[in-house]
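Below you'll find the structure, written out as structure tokens, and then a few comments.
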Amino acid sequence: MTNRTGKRAVLTGANQPIEIWERESPGAGPGEAVLKLEFGGVCGTDVHFWHGEVPLPGPVVLGHEGIGIIEELGEGLATDSAGAPIAIGDRVYWQPVTPCNHCYPCTILNDVSMCENAFASLFGDANAPTPSTYSEVITLGTGLPFYKLPDDTSSEAVIAFGCAMPTMLQGMERLGGIQAGQTVVVQGSGPVGLAATMLAHLAGAHQVIMIGAPAPRLEMARKLGADHTIDITQITSVAERTERVRELTNGRGAEVVIEAAGVLEAFSEGLQLVAPSGRYLIVGLWSAPGTVAVEPRLINNGNLQIIGTALAGPRHLYQAIQVAQMQQSRLPMAEAISHRFTVGQSQQALEAVAAQETVKAVLVPG
């Protein structure tokens with residue numbers, strides 16, 4: 001076992017500057033893996049953590065989207081979580097959440113994304129070995145799900161949709177899929193909205209309409225399959241955007257609307273965009289506290305389904321790799337990465353994401 005020293009980005013409190021700590025991590029214990037960071041995704045949820053919109057328990061190492069290179073394997077660990085053989089030098093993809101497999105959601109609901117204890121592994125001691133991804137040295141503890149990237153699969157194509165693709169793959173499951181010929185409206189042009197656009201396009205949607213901003217994100221959406229984009233900086237009122245969607249759908253609205261904006265006001269706007277007997281999938285409001293006014297009869301009289309989806313399960317990470325492997329040569333997935341920062345520049349990375357200067361930002365080692 002070899003001790004390794006590396007930088008990690010630590011959030012000490014709401015709205016506090018990110019601190020860069022240098023800590024030594026021990027070698028891999030039984031069932032563990034030690035990685036060198038290749039890419040850490042910077043997620044909009046990290047910005048919500050930084051701003052205190054989701055309270056955290058004391059100093060934490062940020063980051064939940066990662067691809068790393070195996071540097072050491074502990075005793076007894078010879079395969080990834082899907083049974084694929086692993087070795088030193090392999091690239092692996094993980095999110096630092098370990099299902100406990102002994103709570104009601106894990107064992108009765110069969111939904112590890114709702115595990116009551118999973119976040120204990122994510123928000124642990126900021127001084128201890130960490131699976132969090134704003135860190136140059138990563139320790140994957142026993143039982144944490146992770147998956148090997150095939151040699152022919154680009155790391156960039158996977159991390160460009162770090163937690164967004166698994167989140168949307170679970171969302172598509174909960175939605176029940178998209179039927180050929182249906183119109184899909186996606187609210188929000190960040191990575192989750194881009195993943196939704198891509199999956200809707202691949203599912204055979206008649207048309208995909210993206211509502212969002214700024215322009216570089218809308219351009220990326222068109223590259224990934226959006227047929228129409230509505231720029232909220234140009235069409236600024238809800239009434240105008242609703243009318244534009246009606247024009248594109250023969251007055252009906254969309255059979256499927258996917259909220260990926262993470263903005264409370266998007267919810268009431270989205271209800272006006274759903275066609276009769278349509279479905280509304282809520283994905284982006286996980287870290288957006290607050291309430292909005294809703295007219296229930298729109299739901300009742302329109303026979304609408306409203307479906308929530310939070311986080312993802314391990315199988316969705318595995319599926320995200322498969323999506324990248326199959327689509328990276330047909331769709332420019334890796335091009336979504338617009339900004340790269342070192343771990344030591346984590347503060348600048350968060351500020352850039354908060355200002356919507358990025359399509360997708362990632363961290364790399366210093």
Side-chain angles (χ1 to χ4, degrees), residues 164 167-213 217-218 221-222 224-311:
T167 296
M168 273 313 309
L169 286 165
Q170 172 169 283
M172 289 297 183
E173 279 184 13
R174 296 194 189 283
L175 182 68
I178 293 168
Q179 297 173 19
Q182 292 186 326
T183 291
V184 178
V185 168
V186 179
Q187 298 174 282
S189 52
V192 175
L194 294 174
T197 297
M198 178 177 161
L199 292 175
H201 169 69
L202 293 173
H206 168 62
Q207 58 179 340
V208 181
I209 304 168
M210 161 71 78
I211 302 174
R217 291 184 176 185
L218 297 179
R222 290 189 288 272
L224 294 172
D227 300 286
H228 306 279
T229 56
I230 299 174
D231 188 333
I232 61 174
T233 66
Q234 302 296 320
I235 303 179
T236 57
S237 77
V238 173
E240 289 177 295
R241 292 194 291 267
T242 301
E243 179 59 28
R244 178 59 179 147
V245 170
R246 299 287 176 187
E247 289 173 359
L248 293 169
T249 58
N250 297 318
R252 281 180 45 80
E255 286 85 1
V256 174
V257 176
I258 300 173
E259 180 282 312
V263 176
L264 281 174
E265 293 76 13
F267 180 75
S268 12
E269 179 174 344
L271 281 177
Q272 300 179 52
L273 305 177
V274 188
S277 298
R279 294 169 290 163
Y280 190 14
L281 180 68
I282 310 300
V283 187
L285 294 174
W286 187 86
S287 50
T291 59
V292 293
V294 171
E295 188 174 1
R297 70 172 180 165
L298 291 176
I299 303 167
N300 190 124
N301 296 359
N303 288 344
L304 305 186
Q305 297 180 53
I306 299 178
I307 304 159
T309 180
L311 312 175

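Since this is a predicted model, take the numbers as computed values, not measurements.
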With a 4.5 Å limit on heavy-atom distance, are the side chains of Ile299 and Val294 in contact?
yes

One should read off an interatomic distance between Met172 CE and Thr309 OG1, to the nearest 0.5 angstrom, of 10.5 Å

Taking atom CD of Glu255 and atom CD1 of Ile178, what is their separation to the nearest 0.5 Å?
10.5 Å

Would Val192 and Ile258 count as a side-chain contact (heavy atoms from CB on, under 4.5 Å) if you check the C-alpha gap in whole Å, the side-chain angles of each, and the deciding distance to 0.1 Å?
CA-CA 10 Å; Val192 175; Ile258 300 173; over 6 Å; no

Kindly give the heavy-atom pair with the smallest separation between Ile230 and Ile235, and that separation in Å.
CG2-CD1, 3.8 Å

Between Ala288 and Leu264 the two heavy atoms that sit nearest each other are O-CD2, 3.6 Å

So, the side chain of Asp227 versus the backbone of Val208: is there a donor-acceptor pair under 3.5 Å, distance only?
yes

Let me confirm one number: the CD-CD1 distance from Glu259 to Ile282, rounded to the nearest 0.5 Å.
5.5 Å

Separation of Glu269 CD from Arg241 CZ (nearest 0.5 Å)
4.0 Å

Does atom CD of Gln179 have more than 12 heavy-atom neighbours, drawn from other residues, nucleotides or ligands, at distances under 6.0 Å?
no

Please name the pair of heavy atoms, one in Tyr280 and one in Gly270, separated by the smallest distance, quoted to 0.1 Å.
OH-CA, 3.4 Å

Using a 4.5 Å cut-off on heavy atoms from C-beta on, say whether the side chain of Thr242 contacts that of Leu273.
yes

Considering only NZ, NE, NH1 and NH2 on the basic side and carboxylate oxygens on the acidic side, decide whether Glu243 and Arg246 come within less than 4.0 Å.
no

dist Gln272:CD -> Glu295:CD (nearest 0.5 Å) comes out at 9.0 Å

Name all residues meeting the salt bridge (charged side-chain N to carboxylate O under 4.0 Å, His left out) criterion together with Glu173; count only those two or more places apart in sequence or in a different chain, and write none if there are none.
Arg315

Given side-chain contact (heavy atoms from CB on, under 4.5 Å), test Ile306 with Leu271 step by step and report yes or no.
CA-CA 9 Å; Ile306 299 178; Leu271 281 177; 3.8 Å; yes

Are more than 12 heavy atoms from other residues, nucleotides or ligands located less than 6.0 Å from atom CG of Asn301?
yes

Looking at every non-hydrogen atom in both residues, tell me the closest pair between Ser189 and Leu194 and how far apart they are.
O-CG, 3.7 Å

So CZ of Arg244 and OG1 of Thr229: to nearest 0.5 Å the spacing works out to 9.0 Å

Partners of Arg222 by salt bridge (charged side-chain N to carboxylate O under 4.0 Å, His left out), sequence neighbours excluded?
none

Could you pull out the closest heavy-atom pair between Val184 and Ala205, with the gap in Å?
CG2-CB, 4.0 Å

Of all heavy-atom pairs linking Ser277 and Leu304, the shortest is N-CD2, 4.1 Å

Can you find a heavy atom in the side chain of Ile211 that is under 4.5 Å from one in the side chain of Ile232?
yes

Given Thr183 and Leu248, is the side-chain contact (heavy atoms from CB on, under 4.5 Å) satisfied, shown in steps?
CA-CA 9 Å; Thr183 291; Leu248 293 169; over 6 Å; no

Val283/Met168 under side-chain contact (heavy atoms from CB on, under 4.5 Å): CA gap, chis, key distance, verdict
CA-CA 8 Å; Val283 187; Met168 273 313 309; 3.9 Å; yes

Quick one: do Gln182 and Arg279 satisfy side-chain hydrogen bond (donor to acceptor under 3.5 Å, both in side chains)? Show the steps, please.
CA-CA 11 Å; Gln182 292 186 326; Arg279 294 169 290 163; 3.2 Å; yes

